[in-house]
Amino acid sequence: MRSRLAVLIEKALRACCDAGFWEPGALPFVEVELAKDPAHGDYASNVAMVLASRVGRKPREIAERLVGQIHDTDKILQKVEIAGPGFLNFFVREDVWATLLKDIERQADRYGMSDSGKGRKVLLEFVSANPTGPLHIGHARGAVVGDVIANILAASGYDISREYYINDAGNQMANLGRSVLLRYRQLLGETVHFPENCYRGDYIKTLAAELLDREGPPCPNDNGESLIPYFTDYAAGAILEGIKEDLGAFGVTFDRYFSERDLYEDRRLDSLLEDLEKGGFIYREEETLWFRTTAFGDEKDRVVVRKTGEPTYFAADIAYHQNKYERGFDFLIDVWGADHHGYIPRILAGIQALDHDKDSLRVILVQLVNLLRDGKPIAMSTRSGEFVTLREVVDEVGRDAARYNFLMRRSDSHLDFDLELAKRQSNENPVYYVQYAHARIASVLRTAGQRNLVIPSYSEVDRTLLKLPEEIGLIKTITRFPEIVEGAARTLEPHRLTFYLNDLAGLFHSYYNKNRIISEEGPLTAARLFLVVAVKIVIGNALKLLGVSSPESM
RNA sequence: GCGCCUGUAGCUCAGCUGGAUAGAGCAACGGACUUCUAAUCCGUAGGUCGCGGGUUCGAAUCCCUCCAGGCGUACCA
């Protein structure tokens, strides 16, 4: 509806140009928004006011001209009013709304999808946690946000790939191997000093015990560092398998797990450094190689190869991003914890030095999660091993509640996650509010079936019977769903869907309580059944994008 | 010190890239189940949009000062 009105306005603007009311030069892009106040009609546009300052005329005068040039050939408008400082208020004919339901019937479980992405190849990298321990609650939010953004983009016609970058090289991995080795030796009865920077979680002991079980006691008497890679490999492999399982239980899947080690094997870093060198961005100082990131606005230059000859994490990461582009992705999205925000200028410098547009990479920052139980914070630290794992949360509160709770806020705002609250099956928990609406409709449909009522098709419905304000409101809301998905895709903001769902569920519950869907009046019953089926479709489609189930009964 | 994020009802947060009288949930208070699911609904109350300036027809939204909280400021990842 919105886009249809925008077209009308655009035509009117051009017609006014042709009539010489103003220069065709700076026509604004047409904004049409939902009117908040019913007295302002259904949609409102501010074009006249925007145009006023550009052409130097009074907004109301421009508005008059425009209204005169709006040719409502499809007869969708009841009237257009000029109000306030120069708003155009559009009143849509009431019987037009119900005609939009046809799209829902026709597209069914594809309603809300579009091809606006035009098959653009997008690579979305998320989670990417080091395989040094199980995923904890902090990773969970990024996992859901990434997963749902991917769903939304896929539904919007993008060719999207989900990728997890495994950071399986470098110091942290060596620490992991060392930690397991030390626990292993402890199991053999040795007294060992356990350094501060090693991982202390119980899972380390479990891994050591597994290894002991498998390999038997004879650990070579070499207590040097040479054993570490073996322990690292085993631990990282086992932990990664666990991570995949936990993500699977959370409903998060990836198209590919990309190993940092592959970058080294393919000598990607060498070629990267050559490329950067060609651009003149590399210089040597005291045995280290620096990348002149300040050329792109970073606050200081960054090391890419250490004195020891090892490349930094940063170097590998640029190589990884270069690799993404080389695989044909022209739009990259990275989902990071907000504590990495200082890293953004650096990575942007990296891709720009490789001649990629700054805007071809979007970083979504996901703020930290405060985990609470009954309002009291739970302290966590990966290294000390004190943390609540993703698995524990999913097991305790359930997949649906966990996912929905993580999607109820904008990603870049802090989120309190209360385990008790999320678990509670009560009105404090919005996920059930929405699912309940879906289940209720399913229940109504079951009842209808028992009474041998047939769900009518669009052409069989007398749409003029859907004229209650609640019905018009429901129709307006569900026919707006494609706009919501489009907006969420454009801004990469999944929380728009949860807010929309809460709205829609609220309208339905209200309608349900006030009116009977199945009544003695056959045609009215048919029309209402048709309407609630459409509502059910939209709730189901939206929940599916969120990766949350749509129960038929609760 | 510098940089980024945040500050909206008692609490948790929306506010659609400048629009009309700032919204929702929870908590509080008062009501509604012999009816298609009460995990629901209806009503009441609740605000100096952190403070102060500026930009313009118009600011919670954009710019600047200050205040408060969080994060970052590695040859860690």
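Just so it is clear, the model here is predicted, and its values are computed rather than measured. Only this structure's heavy atoms are used, side chains among them; waters, hydrogens and symmetry mates stay out.
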Examine B/C36: is either OP1 or OP2 under 4.0 Å from a nitrogen or oxygen in the side chain of A/Thr525? Give yes or no.
-> no

So which protein nitrogen or oxygen atoms get under 3.5 Å of nucleotides 41-46 of chain B's nitrogens or oxygens?
from: B/C41; atom 1: OP1; to: A/Tyr433; atom 2: OH; distance (Å): 2.3
from: B/C41; atom 1: O4'; to: A/Asn513; atom 2: ND2; distance (Å): 2.9
from: B/C42; atom 1: OP1; to: A/Ser510; atom 2: OG; distance (Å): 2.8

Annotated structure of RNA chain B as dot-bracket, pair cut-off 3.5 Å, Watson-Crick or G-U only, | for inter-strand, is (((((((..((((.....[...)))).(((((.......))))).....(.(((..]....))).))))))))....

Phosphate OP1/OP2 of B/U40 contacted by A/His438 side-chain N/O (<4.0 Å) = no

Give a yes or no on whether a donor-acceptor pair under 3.5 Å exists between the nucleobase atoms of B/C5, that is its base, and the side chain of A/His341.
-> no

Is the distance from OP1 or OP2 of B/U17 to the nearest side-chain N or O of A/Arg490 less than 4.0 Å?
-> yes

Minimum heavy-atom distance between A/Ala169 and A/Tyr264, given as atom pair plus value = CB-CE1, 3.9 Å

For A/Arg409, check salt bridge (Lys or Arg N to Asp or Glu O under 4.0 Å) against everything at least two apart and list the hits.
-> none

Considering only the C1' atoms, how many Å lie between B/A27 and B/C11, rounded to the nearest integer?
-> 7 Å

Do A/Asn502 side-chain and B/A14 base share a donor-acceptor contact under 3.5 Å?
-> no

With the sugar-phosphate defined as primed atoms, P, OP1 and OP2, and the base as all remaining atoms, what B/S/- string results for nucleotides 55-64 of chain B, 5' to 3', for protein heavy atoms under 4.0 Å?
-> ----------

All pairs passing salt bridge (Lys or Arg N to Asp or Glu O under 4.0 Å) where residues 497-515 of chain A contributes a residue, at least two apart | A/Glu470-A/Lys514

Residues that A/Asp42 engages under side-chain contact (heavy atoms from CB on, under 4.5 Å), provided they are two or more places apart | A/Val92, A/Trp97, A/Lys476

Candidates B/A74, B/C71, B/C36 - which lies nearest the side chain of A/Leu368 = B/C71

Taking only N and O in the side chain of A/Arg496, is any of them less than 4.0 Å away from OP1 or OP2 of B/G15?
-> no

Closest listed nucleotide, where the reference is the side chain of A/Ile518 and the choices are B/A39, B/C36, B/A74 | B/C36

Those residues that, when tested against A/Asp416, pass side-chain hydrogen bond (donor to acceptor under 3.5 Å, both in side chains) (two or more places apart) | A/Asn370

side-chain contact (heavy atoms from CB on, under 4.5 Å) involving A/Arg440 - partner list, sequence neighbours excluded = A/Tyr436, A/Phe508, A/His509, A/Tyr512, A/Asn513

Compare side-chain N and O positions of A/Tyr436 against OP1 and OP2 of B/A39 and report whether any pair is under 4.0 Å apart.
-> yes

If we take the P atom in both B/C71 and B/C49, what is their distance in whole Å?
-> 28 Å

Of residues 281-288 of chain A, the positions that come close to RNA chain B - non-hydrogen atoms, cut-off under 4.0 Å | A/Thr288

Results of side-chain contact (heavy atoms from CB on, under 4.5 Å) for A/Val305 - residues two or more places apart only = A/Leu273, A/Leu289

Is there ring stacking between A/His414 and B/G70, where the centres must be under 5.5 angstrom apart and the planes under 30 degrees?
-> no

Which of the following nucleotides, B/C16, B/A38, B/A14, is nearest to the side chain of A/Glu33?
-> B/C16

Picking from B/A14, B/A74, B/C71, which would you name as closest to the side chain of A/Lys300?
-> B/A74

Residues passing the side-chain contact (heavy atoms from CB on, under 4.5 Å) test with A/Ala526, sequence neighbours excluded, are A/Pro456

Sorted by first residue and then second, give each salt bridge (Lys or Arg N to Asp or Glu O under 4.0 Å) pair with at least one member in residues 485-498 of chain A; sequence neighbours left out.
-> A/Glu486-A/Arg490, A/Glu493-A/Arg496

